[in-house]
Asks: 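Supplied in structure tokens, the structure appears directly below.
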Number of protein chains: 2
Amino acid sequence: MRRAVTIQDVARRAGVSTATVSRALALPDQVTDATRQSVMSAIRETGYTPNAAARSLRAKSTKMVLVLLPGIGNSFFTPVLNALEEVFSEGGYGVLIGYTRQNRSRETHYARVIRAGQVDGVLVVTGNVPRDEEFVAVPATVPMSLMFSELPGTAQFSVFDVANRTASATMVRYLIEQGHRRIACIPGAEGSLESDERLAGYQEALSAAGLPIDPDLIWRGASNFDFISGERAAARYFALAEKPTAVFAAADEIALGFMRALKNHGIRIPEDVSVVGFDDTEYAVHYDPALTTMRQPRTEMGRLAARDLLRRMEAKGEAVPTSHVRLPCELVIRESVRPLV
Amino acid sequence: MRRAVTIQDVARRAGVSTATVSRALALPDQVTDATRQSVMSAIRETGYTPNAAARSLRAKSTKMVLVLLPGIGNSFFTPVLNALEEVFSEGGYGVLIGYTRQNRSRETHYARVIRAGQVDGVLVVTGNVPRDEEFVAVPATVPMSLMFSELPGTAQFSVFDVANRTASATMVRYLIEQGHRRIACIPGAEGSLESDERLAGYQEALSAAGLPIDPDLIWRGASNFDFISGERAAARYFALAEKPTAVFAAADEIALGFMRALKNHGIRIPEDVSVVGFDDTEYAVHYDPALTTMRQPRTEMGRLAARDLLRRMEAKGEAVPTSHVRLPCELVIRESVRPLV
DNA sequence: CCAAAACTTGTAATCGATTACATCTACTGT
DNA sequence: ACAGTAGATGTAATCGATTACAAGTTTTGG
């Protein structure tokens, strides 16, 4: 581990003071052409790169963002993280990731990272906003934003989400238009905001169409939006005497797990039962049958959220208006629904 | 943005010097019980958290690791990143992610991050080791490791990979044992080490069994290990007069894309053609038919790589032996191969 | 040709923590 | 009772960059 090159080394080599080196880099036209040249070549010769810690200490800014993810290994977040990294690193910010794993002690850990001034901003990408008390103090320290979730009654952070209820209602209405009357729902991760909203949308659409809400057709109890939840829901399907003709799963992976379990028992989709999902993840289109689903613009949401946070981080001290952006979902019709007409 | 609490504030409040506060935290038994108590309660009252930049500057260590990913949005890396974050954050290190996107300028960017002393270690998780000249200097500065890839002739970094060639040969031998004689190969991302090795394993197994290597059955030209590559390979299949009875895809997503394209044309798997993949990603088991594949222990590899890097980062200055760990793959037999006997 | 303005560069304080060294107190053993 | 030592705490240097202010130099205008 060689000693690193410092600004002192460059200054000595170029025959100037450290202040001049610093200026040659940060404020090039406050310095003579000649000095800038010699500073630059000294930098090139020594291979100097300004030390990040020293800079952060003085500037009180680390040029880093903390992205908090639930970290259940769900590939739903892959394109989101991709978009975030793209925009942030383009804006000169590094991306520190933190998986909370719905775990209090890990939330506390990351709250401490924030308080240590290790990041200039925080982006919470999860339905479960950290409950740690330490987090209530965060927005006073650094800008913070929420994605795919909402915390009612706070203008402290920007929020980027979709109209889960409306979108779910649209989806169920579509099933009704296709002639379905007996529609089941797998609402996904119990207690999550998305789950609640999507279930509400399902009920709303049924009621609006004058259809009854049958508790036997609401298959709760999932702890996540994953395959296993779909597989478990299949047991509910088989246990039922009077089967539904369509199933609305609150996430694509749930739908896929459900379909897989049904196909294992020789049930055909969509011939025997129609299935729809939510999210439009990568696998929805490649599955057989290709899944009809509600697309969440994940990449775009990531870009918008990142740009907003970027703007707020740069606006040092000034009034920082937060925003609540609710993006439209799009019904993507594929092959997993059979019209009953 | 309130001014943050510093060690000065705590010292003043506890009526001691900053040195004592620092010691009360770092070396608790060099301090009287009484002073420690009063320092601790001053910390609690003020809500003090040591500033990361100041600490890094002095200690010449940031407690951060840079994880470099290709960033093609491939969910192959999801469990790897998960495992890395788990082990690193448990070890007190933050995880900075960087998507190189096979892009020179982004590699340069991250080389600069390393040289700025922003991280204590680097983990390259990609088949394509950065080619930027700046990277050759990295191992002299901080420990660096490679996952899923290898750079021949360097003992400078630890390597964690699988025996791609042997594993591929095993897979193809399995197909031969099942009675297949005409076996095609979709080798995946052109020019990548994994691709080359897996293709070599395929050829090795054929030769060992005395079977001819038919260039018409090697469907090159993929730029990635993704669905689209599989779909494109399907065109090669259809164009062929004498079809293969089995296809070895160098990645699960390629296999899935290929199967999907075939099924679209009414071809049944495995009845009409057998298909196998490589990796055992989440979707292999949930697809219909469930995919026979070669499991790479991604989570375990992530854990091992992280622990190794952790060890090397902690061993300040001392002799740091690097390791080359080659983990075994496991043939996972599911439903996508039909025995020809 | 000289004072004022504009420009360039240097000196030194600063950011917040850690730590070598100095100092002071209390205790030990003879 | 006193030198010697161990233990607790304080003082101040240090890490590497940025920047307010000072000082020196050049240009401008009358």
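First the proteins, then the strands, lettered A, B, ... as listed; each starts at 1.
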Asks: What is the distance, rounded to the nearest whole Å, between atom CG of B/Asp33 and atom C1' of D/dG7?
Replies: 14 Å
Asks: Output all residues satisfying salt bridge (charged side-chain N to carboxylate O under 4.0 Å, His left out) with A/Arg101, sequence neighbours left out; order by chain, then residue number.
Replies: B/Glu85
Asks: For a 4.5 angstrom cut-off between non-hydrogen side-chain atoms, does B/Arg55 reach B/Asn51?
Replies: no
Asks: Okay, side chain of A/Arg303, backbone of A/Val87: is any donor-acceptor separation there less than 3.5 Å?
Replies: no
Asks: Quick check: do A/Leu25 and A/Tyr48 have side-chain heavy atoms less than 4.5 Å from each other?
Replies: yes
Asks: Please enumerate all residues that pass salt bridge (charged side-chain N to carboxylate O under 4.0 Å, His left out) together with A/Glu300, with sequence neighbours excluded.
Replies: none
Asks: Return the value, rounded to whole Å, for the distance between atom CG of B/Leu27 and atom P of D/dG7.
Replies: 14 Å
Asks: Separation of A/Arg12 atom CZ from C/dT9 atom P, in whole Å?
Replies: 19 Å
Asks: Should A/Ser22 be listed as having a side-chain N or O under 4.0 Å from OP1 or OP2 of D/dT19?
Replies: no
Asks: Nearest-Å distance, CD1 (A/Ile7) to P (D/dA17)?
Replies: 5 Å
Asks: At under 4.0 Å, does any side-chain N or O of B/Thr18 touch on OP1 or OP2 of C/dA17?
Replies: no
Asks: Roughly, in whole Å, what's the span from CG in B/Asn51 to C1' in C/dG16?
Replies: 6 Å
Asks: Determine the contact category for A/Val31: base if any of its heavy atoms lies under 4.0 Å from a base atom, sugar-phosphate if only primed atoms, P, OP1 or OP2 are that close, otherwise nothing.
Replies: sugar-phosphate
Asks: For nucleotides 13-15 of chain C, print each protein N/O atom paired with a nucleotide N/O atom at under 3.5 Å, atom names and distance only.
Replies:
{"residue": "C/dT14", "atom": "O2", "partner": "A/Arg58", "partner atom": "NE", "Å": "3.3"}
{"residue": "C/dT14", "atom": "O2", "partner": "A/Arg58", "partner atom": "NH1", "Å": "3.3"}
{"residue": "C/dC15", "atom": "O3'", "partner": "A/Lys60", "partner atom": "NZ", "Å": "2.7"}

Asks: Test B/Phe88 against B/Leu309 for side chain to side chain contact (heavy atoms under 4.5 Å, CB included), laying out the working first.
Replies: CA-CA 9 Å; B/Phe88 281 131; B/Leu309 195 61; 3.9 Å; yes
Asks: Is it true that A/Glu314 and A/Arg307 have a side-chain N and a carboxylate O under 4.0 angstrom from each other?
Replies: no
Asks: Considering only nitrogen or oxygen atoms on both sides, find all protein atoms under 3.5 Å from nucleotides 21-23 of chain D and state each distance.
Replies:
none

Asks: Grab the CZ-C1' distance between B/Arg55 and D/dG16 for me, whole Å please.
Replies: 18 Å
Asks: Only pairs at least two apart or in different chains count here, so list each side-chain hydrogen bond (donor to acceptor under 3.5 Å, both in side chains) that has a residue in residues 19-29 of chain A.
Replies: A/Ser17-A/Thr20
Asks: Find the distance B/Arg115:CZ to D/dG16:P and express it as a whole number of Å.
Replies: 16 Å
Asks: Does the B/Thr6 side chain pair with the main chain of B/Gln8, one donor and one acceptor, at a distance under 3.5 Å?
Replies: yes
Asks: Between P on C/dA6 and CG on A/Asp29, what's the gap in Å once rounded to a whole number?
Replies: 17 Å
Asks: Is any side-chain heavy atom of B/Asp120 closer than 4.5 Å to a side-chain heavy atom of B/Val142?
Replies: no
Asks: Does OP1 or OP2 of C/dT9 have a side-chain N or O of A/Thr32 closer than 4.0 Å?
Replies: yes
Asks: Please write out the pairs of protein N or O atoms and N or O atoms of nucleotides 24-26 of chain C separated by less than 3.5 Å, giving the distance to one decimal.
Replies:
none

Asks: Please determine whether a side-chain nitrogen of the Lys or Arg among B/Arg13 and B/Asp9 lies less than 4.0 Å from a carboxylate oxygen of the Asp or Glu.
Replies: no
Asks: Should B/Tyr48 be listed as having a side-chain N or O under 4.0 Å from OP1 or OP2 of C/dG16?
Replies: no
Asks: Under 4.0 Å, heavy atoms only, any strand: does A/Thr35 hit a base, just the sugar-phosphate, or nothing?
Replies: sugar-phosphate
Asks: Would a distance-only check, ignoring hydrogens and angles, find a side-chain to backbone donor-acceptor pair under 3.5 Å from A/Ser158 to A/Ser323?
Replies: yes
Asks: Regarding B/Ser17, tell me which of base, sugar-phosphate or nothing describes its non-hydrogen contacts under 4.0 Å with the strands shown.
Replies: base
